Protein chains: 2
Amino acid sequence: MLCGDGMKLPKAQQGNRPLYVQVRDLIVAEIQSGAWAPGAVLPSEFELARTYGVSQGTIRKATDALAADQILVRRQGRGTFVHAHTAAEVLFRFFQFREPDGQRVIPASRTLRTTRGSATRIEQDRLALAKGARVIRHSRLRTWRSRPFIFETIVLPEALFPGLAANGDLPNTLYDMFQTHYGVTVARAVERVDTQTASERQARLLDLPAGQPLLRIDRQTIAIDGRIIEWRLSLCHLDGLYYAVEVG
Amino acid sequence: MLCGDGMKLPKAQQGNRPLYVQVRDLIVAEIQSGAWAPGAVLPSEFELARTYGVSQGTIRKATDALAADQILVRRQGRGTFVHAHTAAEVLFRFFQFREPDGQRVIPASRTLRTTRGSATRIEQDRLALAKGARVIRHSRLRTWRSRPFIFETIVLPEALFPGLAANGDLPNTLYDMFQTHYGVTVARAVERVDTQTASERQARLLDLPAGQPLLRIDRQTIAIDGRIIEWRLSLCHLDGLYYAVEVG
DNA sequence: CAGTGGTCTAGACCACGTG
DNA sequence: ACGTGGTCTAGACCACTGC
């Protein structure tokens, strides 16, 4: 069920890495390879312990770390599962706009355009791609209470998501689809936030006068294996809403 | 050395809370009470185990959680210490402005004014204070490369920091002083980020034309016991810099 | 060298979900 | 009733620090 050859980790640590870290990486590898699909239940802790030749406590420590990283989910009495992202969960984690009273904003989305091409200099930089790599570009308007408030440009490495732009459109939430269709699980995102004034085109799209201040969020999205899988530029006309951030 | 009465936790969990959580809370209480000061070394794991009447593994699990929350620091071969914030660490954790190339911004600071008064409605709201509670208000300009770029207003509950405004000024970094002088350890901050245009006064202070877009960060700072200890409003003229955020 | 945290094991019992 | 994860224990050995 595992790597083929029934491996036993020696008690002497390989390369001085703790056993539970090695087990953690083996479990991640199983998930990456697709052997354990999103939503699937893992073997029990004692079974994993036997398979990897370690104790149940060591398995526990490895799965603890993976549960903390949202890669596994534990359900007492049932088992340990590979975390399957849903559209709602992804929105909850990665879409952090709020009403003045703290209520979450649940946006709608309208695609403007989806194209393919060679990565520009800045796209190569933000996505850590080689010269000449192909990318998929997608732009859309996010609306709330029927009013547009975010103009968003998304750039994806085509190598990671072959055939994605085929039908010319993308779903409202991408991250759950990345996992279910391409086996790419989003871990976190790093953002650069600043302000700018709306250009003529941006103002027209967002239905406001040119020169209005916009919140600009430049996001790099990172998978559980550390690869950058998305570059997303969001221009936001907040108009009473705010962007919620936790620090420390 | 501990709570006075040599306590023994029963094996039957009190109120169904796991032993290690109870131990965690007892350790936090020791720190809050000042019995274990910032920078102090804790008794060894085995000594703690004997004191609390639990096993070393349970102590480990409690201190693991506290180390993850930055409340304790473990140093192999030396001991476990109460995390003592330094000005540099605090800046690293809570001041997240960067140069375009990703280099950290290390600001200077100039006090504008420090006053005391009764909390306004909005101050009561943001600091979770009762009507009529007293607050300390402090405003300052943050500069970088000798140019002002943040106009900051800080409001503190006077009850938490008695005598703080006595000499009429505050240090550049507050959070380390909160801990060393008042035993208040900062845990995290929640922020509401949006944009606004510079008023006449703000523009004058930040040395730019009125109407320029500013990044507005409304921060509530929270201590390890969950109390809100600070409300801080930062108006930022980024001008090429960006605010770094991690999501998920 | 002694003492500390870091890792790992083996075994026990409990709480929960399912059949 | 059974199997799962959740907690807790006791003991072992290792790695690091400081004397």
Side-chain angles (χ1 to χ4, degrees), chain A residues 1 7-27 31 36 39-84, chain B residues 1 7-27 31 36 39-84:
Chain A
M1 183 170 235
M7 55 176 39
K8 292 264 184 187
L9 295 173
K11 296 202 179 191
Q13 296 162 6
Q14 299 171 336
N16 280 335
R17 293 168 66 243
L19 260 188
Y20 72 90
V21 173
Q22 298 177 46
V23 169
R24 194 204 112 109
D25 291 349
L26 288 172
I27 293 174
I31 297 171
W36 295 338
V41 63
L42 267 60
S44 79
E45 295 182 342
F46 281 100
E47 205 169 327
L48 287 172
R50 202 165 39 76
T51 307
Y52 292 120
V54 301
S55 78
Q56 178 256 3
T58 301
I59 296 293
R60 171 63 64 103
K61 193 153 185 184
T63 53
D64 268 348
L66 291 167
D69 292 348
Q70 306 252 49
I71 295 169
L72 297 180
V73 177
R74 279 218 270 259
R75 298 187 195 141
Q76 185 171 159
R78 299 183 56 193
T80 302
F81 301 77
V82 180
H83 187 188
Chain B
M1 184 172 231
M7 56 176 37
K8 292 265 183 187
L9 294 174
K11 296 201 179 191
Q13 296 163 5
Q14 298 169 338
N16 281 333
R17 295 167 66 243
L19 260 187
Y20 72 89
V21 174
Q22 298 177 45
V23 170
R24 194 204 112 108
D25 291 349
L26 288 172
I27 293 173
I31 296 171
W36 296 337
V41 63
L42 266 61
S44 80
E45 295 182 342
F46 281 101
E47 205 168 327
L48 287 172
R50 202 164 39 76
T51 305
Y52 291 121
V54 301
S55 77
Q56 178 256 4
T58 302
I59 296 294
R60 171 63 63 105
K61 193 154 184 182
T63 52
D64 268 349
L66 291 167
D69 291 348
Q70 306 252 52
I71 294 169
L72 296 180
V73 178
R74 278 217 271 261
R75 298 187 196 142
Q76 183 170 163
R78 299 185 53 196
T80 302
F81 300 77
V82 181
H83 186 190

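All values below were derived from every heavy atom in this structure, side-chain atoms included, with hydrogens, water molecules and symmetry-related copies excluded. All values derive from a computational prediction rather than experimental measurement.
When the P atom of dG5(C) is taken as reference, atom CD of Gln76(B) falls 10 Å away, rounded to whole Å. Distance CG (Leu19(B)) to P (dC13(C)): 16 Å, rounded to an integer number of Å. The distance from atom CG of Leu48(B) to atom P of dT4(C) is 11 Å, rounded to the nearest whole Å. Rounded to whole angstrom, the span from the CZ atom of Arg17(A) across to the P atom of dC8(C) amounts to 11 Å. Rounded to whole Å, atom C1' of dT7(C) lies 7 Å from atom NZ of Lys61(A). Between the CZ atom of Arg78(B) and the C1' atom of dG6(C) there is a distance of 16 Å, rounded to whole Å. Note: CZ (Phe46(A)) to C1' (dG11(C)) measures 8 Å, nearest angstrom. Spacing between atom CD of Glu45(A) and atom P of dT9(C) amounts to 14 Å, rounded to whole angstrom units.
Contacts of Val41(B) classified as side chain to side chain contact (heavy atoms under 4.5 Å, CB included), with partners at least two apart in sequence or in another chain: Phe81(B). For the side-chain hydrogen bond (donor to acceptor under 3.5 Å, both in side chains) test, residues two or more places apart in sequence or in another chain that qualify with Thr63(A) are Arg74(A).
Of the inter-residue distances, the one linking Glu45(A) atom CD with Leu48(A) atom CG reads 8.0 Å to the nearest 0.5 angstrom.
Heavy atoms of Thr63(A) sit nowhere under 4.0 angstrom from any nucleic acid atom. Within the 4.0 angstrom heavy-atom criterion, only backbone atoms of the sugar-phosphate kind lie near Tyr20(A); the bases stay farther away.
Proximity of Trp36(B) to Ile27(B): side-chain heavy atoms (C-beta onward) are separated by under 4.5 Å at one or more points. Residues Val54(A) and Gln22(A) fail the side-chain proximity criterion, which asks for heavy atoms closer than 4.5 Å.
Residue Ser55(B) places none of its side-chain N or O atoms closer than 4.0 Å to OP1 or OP2 of dC8(D). Contact between the side-chain N/O atoms of Thr58(B) and the OP1/OP2 oxygens of dC8(D) is not found at any separation under 4.0 Å.
Ranked by how close their nearest DNA chain D nucleotide is to the 5' end, Gly77(A) and Gln56(A) are led by Gly77(A).
Judged by distance alone with a 3.5 Å cut-off, a donor-acceptor contact links the side chain of Arg60(A) to the base of dG6(D).
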